[in-house]
Engineer: 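Below: one structure in structure tokens.
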Amino acid sequence: MKKLFLISSLLFLYGMTLYAQNSVDIEVEIINDNDEPMQSVSARSENDYLLGISDWRGELTLHSMNVGDVIYFSHVAYHEMEYVIKKEDIKNKSLTVKMFMKFYELPEVTIVENIPRVAYNNKVVSVADYEMNEQGIYLLAHRMRNYSLLHLSYDFDTLAEIELPRKFDHFYKDVYDQIHVLSQDSAYWVGTMMRGDEYVGMILTMGIRIEQFDYIHAHVSAATDQVIITHLYSNRGQELFYFDIGENEEKKIDTTLLEHIRWEEGCMLMENVRKFGPMGWRGEAQVLFEKPIYDPVFNMNNEIFVFNFEDNIINHYDNRAEKLNTFPLTFHKQNSWNNKVRLVEGWNKKVLMDEHNSSFYAVFLNQGVTTLKKIDVAHGTVSNSAVLGGFPFVEKLKIYNGKAYFLYANDYTNNKRLYEVAIE
């Protein structure tokens, strides 16, 4: 009996030795459908145990793998990949996993019964610019003999009016929702005058030189009650850095990196330009880099949303710039006939926020016709649309409280007028 037990023990130990010899560490390279390395891909076992997360090179290590082990690779913007470890993986101690982006095909509802109408109906006025916040609509109105700043309610009743020199020709709304009126040499804050709880008019105050104003506001992108978000472009606009500035635990001002967004193709092209000079006799590379990459940041309900179109994600932060969640971003790309990912035709690389209704819209432009598509933030898709038909190449498009506003000149006077249309 003792011999039998001894033999059984030896066989068990031998089997364990063979098992240990077959268990190896495997180096994994994860790429997307464009053969680019993928960061932040998680690898999990069948019992949902986290085995690793890929780094910026798209690499991670799976420890103690055996033939037949099932691994699940997942990323918020890509289809989950199930992979079974094979003999050659054990032998090579390496493998490559390719993941494919998610694309959602949702039905779109076109709103055709709502036709844009003239919001401020004064035919002798041309609107140079307008801005809006919770206090109403502000217009820079150009008449034949004078220039005025108008404050209107959302029913388009005139609440106040101030005559201005003609040089003031545009508005700027800062990250704290304050409106400023600007010229080429100066800027003024548009304040309100109150008598108790009663509104009695506007006042222009805190006037400064335009150079000082630009220095203060040029790199400020968003703000909450705890932090200010600033931005910095580099590499000829092909890399974007977002920083959050706020108080640390020691009550000292602290600056940390919030996001680093990089367009890999643009950076590689820039490197070639540095080595070999502009491409073509007209310098097509210079034309390509006239505009920086578009990855906007917004403050909604005292929280931060970063639309990262280069990595196809939306990052959501709280008021202290602590990450809360990451959502996929898919509405702007689609598979083409040769299975290559490309931008959706007509996407105008512009996102608008309706701060009153806490919603985002993507802007599409096709042959001059503008289409607004509401973004489902949780899925990165668009859920419905509103087409501004009959008004090609609208100007200064904004959204507030479920309505779109824009400037358009459509009569013989060529005066620009403010239009309004319900989109929800």
Side-chain angles (χ1 to χ4, degrees), residues 23-104 235 238-242 256-268 271 293 295 305-317 321-335 339-342 377-380:
S23 298
V24 300
D25 294 346
I26 297 178
E27 300 297 327
V28 182
E29 178 191 23
I30 303 175
I31 58 176
N32 61 19
D33 39 12
N34 286 329
D35 295 330
E36 300 166 335
M38 286 185 58
Q39 186 177 358
S40 303
V41 176
S42 63
R44 294 182 177 273
S45 64
E46 284 186 288
N47 57 4
D48 204 32
Y49 179 75
L50 181 63
L51 303 175
I53 299 177
S54 63
D55 59 19
W56 64 274
R57 296 182 298 269
E59 298 175 355
L60 63 85
T61 302
L62 298 176
H63 297 283
S64 301
M65 291 290 103
N66 295 277
V67 175
D69 285 346
V70 180
I71 310 299
Y72 296 93
F73 298 93
S74 60
H75 185 280
V76 291
Y78 288 75
H79 291 289
E80 185 177 70
M81 172 69 68
E82 177 183 327
Y83 190 88
V84 181
I85 300 298
K86 304 177 179 60
K87 289 183 179 179
E88 53 265 33
D89 301 327
I90 298 295
K91 179 181 179 181
N92 298 330
K93 297 183 180 181
S94 65
L95 64 92
T96 299
V97 174
K98 178 177 284 193
M99 302 187 69
F100 295 88
M101 185 180 294
K102 295 177 182 177
F103 293 96
Y104 298 87
N235 211 355
Q238 308 315 299
E239 289 187 82
L240 172 60
F241 297 84
Y242 281 120
T256 57
L257 178 64
L258 183 75
E259 295 260 357
H260 173 208
I261 303 172
R262 175 185 171 92
W263 183 35
E264 294 293 342
E265 184 179 347
C267 289
M268 291 174 61
E271 185 63 28
I293 57 175
D295 301 278
F305 291 83
V306 179
F307 283 73
N308 183 341
F309 289 108
E310 315 313 319
D311 298 325
N312 309 308
I313 55 177
I314 304 172
N315 284 327
H316 177 202
Y317 299 86
E322 299 291 337
K323 185 177 285 189
L324 296 175
N325 214 331
T326 298
F327 304 106
L329 190 55
T330 61
F331 75 82
H332 63 303
K333 291 186 178 180
Q334 63 184 20
N335 283 326
N339 206 31
K340 292 290 186 180
V341 177
R342 62 179 177 84
V377 172
H379 300 94

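Values reported hereafter were calculated over all heavy atoms of this structure, with side chains retained and with hydrogens, waters and symmetry mates removed. We count residues from 1, following the sequence as given.
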Engineer: Could you walk me through whether N308 and L329 pass the side-chain contact (heavy atoms from CB on, under 4.5 Å) test, one step at a time?
Structural biologist: CA-CA 8 Å; N308 183 341; L329 190 55; 5.7 Å; no
Engineer: Of all residues at least two apart in sequence or in a different chain, which pass the salt bridge (Lys or Arg N to Asp or Glu O under 4.0 Å) check with K323?
Structural biologist: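 Salt bridge (Lys or Arg N to Asp or Glu O under 4.0 Å) check on K323 returns nothing, list empty.
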Engineer: Could you tell me which residues satisfy side-chain hydrogen bond (donor to acceptor under 3.5 Å, both in side chains) with D25, sequence neighbours excluded, listed by chain and number?
Structural biologist: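 Testing D25 for side-chain hydrogen bond (donor to acceptor under 3.5 Å, both in side chains), a comparison that skips the adjacent residues, returns H63.
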Engineer: Run the side-chain hydrogen bond (donor to acceptor under 3.5 Å, both in side chains) test against D295 and tell me which residues pass, sequence neighbours left out.
Structural biologist: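 In terms of side-chain hydrogen bond (donor to acceptor under 3.5 Å, both in side chains), with neighbours along the sequence ignored, D295 is linked to no residue.
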Engineer: Please name all residues satisfying ring pair (Phe, Tyr, Trp, His ring centres under 6.0 Å) with H332, sequence neighbours left out, ordered by chain then number.
Structural biologist: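 H332: ring pair (Phe, Tyr, Trp, His ring centres under 6.0 Å) contacts with F309, W347.
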Engineer: How many angstroms lie between CG in D311 and CH2 in W263, if you round to the nearest 0.5 Å?
Structural biologist: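 Result: 13.5 Å between the selected atoms.
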Engineer: For a quick check under 3.5 Å, do T61 and E27 share a side-chain donor-acceptor pair by atom type?
Structural biologist: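 Yes, E27 and T61 have a side-chain donor paired with an acceptor closer than 3.5 Å.
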Engineer: For I90 and I85, what are the C-alpha separation, side-chain angles and deciding distance, and is it a side-chain contact (heavy atoms from CB on, under 4.5 Å)?
Structural biologist: CA-CA 8 Å; I90 298 295; I85 300 298; 3.8 Å; yes
Engineer: Check the pair Y242, L240 against side-chain contact (heavy atoms from CB on, under 4.5 Å), reporting the backbone distance first and the verdict last.
Structural biologist: CA-CA 7 Å; Y242 281 120; L240 172 60; 3.6 Å; yes
Engineer: According to side-chain hydrogen bond (donor to acceptor under 3.5 Å, both in side chains), who are the partners of S94, at least two apart in sequence or on a separate chain?
Structural biologist: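 Checked S94 against side-chain hydrogen bond (donor to acceptor under 3.5 Å, both in side chains); zero matches.
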Engineer: For K93, does the NZ atom have more than 12 heavy-atom neighbours from other residues, nucleotides or ligands under 6.0 Å away?
Structural biologist: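 Count not over threshold, so no.
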Engineer: side-chain contact (heavy atoms from CB on, under 4.5 Å) between I313 and H75: does it pass, once the steps are laid out?
Structural biologist: CA-CA 10 Å; I313 55 177; H75 185 280; 4.2 Å; yes
Engineer: For E322, enumerate each residue passing the side-chain hydrogen bond (donor to acceptor under 3.5 Å, both in side chains) test, keeping only those at least two apart in sequence or located in another chain.
Structural biologist: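 For E322 there are no side-chain hydrogen bond (donor to acceptor under 3.5 Å, both in side chains) partners, ignoring immediate neighbours.
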Engineer: Mind checking ring pair (Phe, Tyr, Trp, His ring centres under 6.0 Å) for Y72 and listing every partner two or more places apart, or none if nothing turns up?
Structural biologist: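 Ring pair (Phe, Tyr, Trp, His ring centres under 6.0 Å) list for Y72, sorted by chain: empty.
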Engineer: Listed by chain and number, what are the side-chain contact (heavy atoms from CB on, under 4.5 Å) partners of S42, not counting sequence neighbours?
Structural biologist: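 S42 satisfies side-chain contact (heavy atoms from CB on, under 4.5 Å) with R44, L50, I53, S74 only.
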Engineer: Assess the side chains of N32 and E36: does a donor N or O sit below 3.5 Å from an acceptor N or O?
Structural biologist: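 Yes, side-chain donor-acceptor contact under 3.5 Å.
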Engineer: Sequence neighbours excluded, which residues qualify as side-chain contact (heavy atoms from CB on, under 4.5 Å) partners of K98?
Structural biologist: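 If we apply the side-chain contact (heavy atoms from CB on, under 4.5 Å) test to K98, skipping adjacent residues, the hits are I31, D35, F100.
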Engineer: Output every pair passing salt bridge (Lys or Arg N to Asp or Glu O under 4.0 Å) with a member in residues 55-75, not counting sequence neighbours, ordered by first then second residue.
Structural biologist: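 Applying salt bridge (Lys or Arg N to Asp or Glu O under 4.0 Å) to every pair that reaches into residues 55-75, excluding sequence neighbours, yields D55-R57, R57-E59.
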Engineer: Please identify each residue that fulfils salt bridge (Lys or Arg N to Asp or Glu O under 4.0 Å) with E239, with sequence neighbours left out.
Structural biologist: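 By the salt bridge (Lys or Arg N to Asp or Glu O under 4.0 Å) rule, E239 matches R262.
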Engineer: What's the shortest heavy-atom distance between I71 and L62, and which atoms?
Structural biologist: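 In this case the closest contact between I71 and L62 is CG1-CD1, 4.2 Å.
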Engineer: Can you give me the closest heavy-atom contact between M99 and F73, atom names plus distance?
Structural biologist: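 That would be CE-O, 3.5 Å.
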